Amino acid sequence: MNRTIITVVGKDRVGIIAKVCTYLAENSINILDISQTIVSGYFNMMMIVDTAQAPKEFGAVSGELEKLGGEIGVIIKAQREDIFDMMHRI
């Protein structure tokens, strides 16, 4: 399993979850866990996904998600789980 952490942040609008999930499905990326909140009109989502079956390299997926974020007006970041864990150690 190749676990990746995806975060999505920005002004709330219709279709954010649909666009991100459509991209993931089209690239054989399985959502393992998801959390989403809206606070004072700001959308925040964190996903843990499995990229083991993705036909593209991690860098391509990360770049395409970042580009998708720009198209829909949010910031999307993808980090490998091991790197995320190292950055957030106490």
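Owing to the predicted nature of the structure, the values given are computational and were not obtained by experimental measurement. Numbering starts at 1 and runs along the sequence shown.
At least one side-chain heavy atom of I76 sits under 4.5 Å from a side-chain heavy atom of V20. Residues L32 and V49 form no side-chain contact, since every pair of their non-hydrogen atoms from C-beta on lies 4.5 Å or further apart. At least one side-chain heavy atom of I16 sits under 4.5 Å from a side-chain heavy atom of V8. With contacts defined as side-chain heavy-atom distances shorter than 4.5 Å, the pair I6/K77 does not qualify.
In terms of hydrophobic clustering, with Ile, Leu, Val, Met, Phe, Trp and Tyr side chains grouped at heavy-atom distances under 4.5 Å, V9 and I31 are assigned to different clusters.
Among all heavy-atom pairs drawn from Q36 and I17, the shortest one is OE1-CD1, 3.7 Å. Here the closest non-hydrogen pair linking L24 and M47 is CD1-CE, 3.6 Å. Closest non-hydrogen pair, N2 versus A52, comes out as ND2-CA, 3.7 Å.
A side-chain donor-acceptor contact under 3.5 Å links R13 to the backbone of I72.
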Show your reasoning for whether side chain to side chain contact (heavy atoms under 4.5 Å, CB included) applies to T4 and Q79. CA-CA 6 Å; T4 297; Q79 290 182 291; 5.8 Å; no
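To the nearest 0.5 Å, atom CG of residue D50 and atom CZ of residue R3 are 8.5 Å apart.
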Using a 3.5 Å cut-off and no angle test, enumerate the donor-acceptor pairs between side-chain atoms of residues 62-71 and protein atoms at least two apart in sequence or in another chain.
unit_1: E64; atom_1: OE1; unit_2: Y23; atom_2: OH; d: 2.6
unit_1: E64; atom_1: OE1; unit_2: K56; atom_2: NZ; d: 2.8
unit_1: E64; atom_1: OE2; unit_2: K56; atom_2: NZ; d: 3.3

Could you list the donor-acceptor pairs under 3.5 angstrom formed between side-chain atoms of residues 38-46 and any protein atom two or more places apart in sequence or on another chain?
none

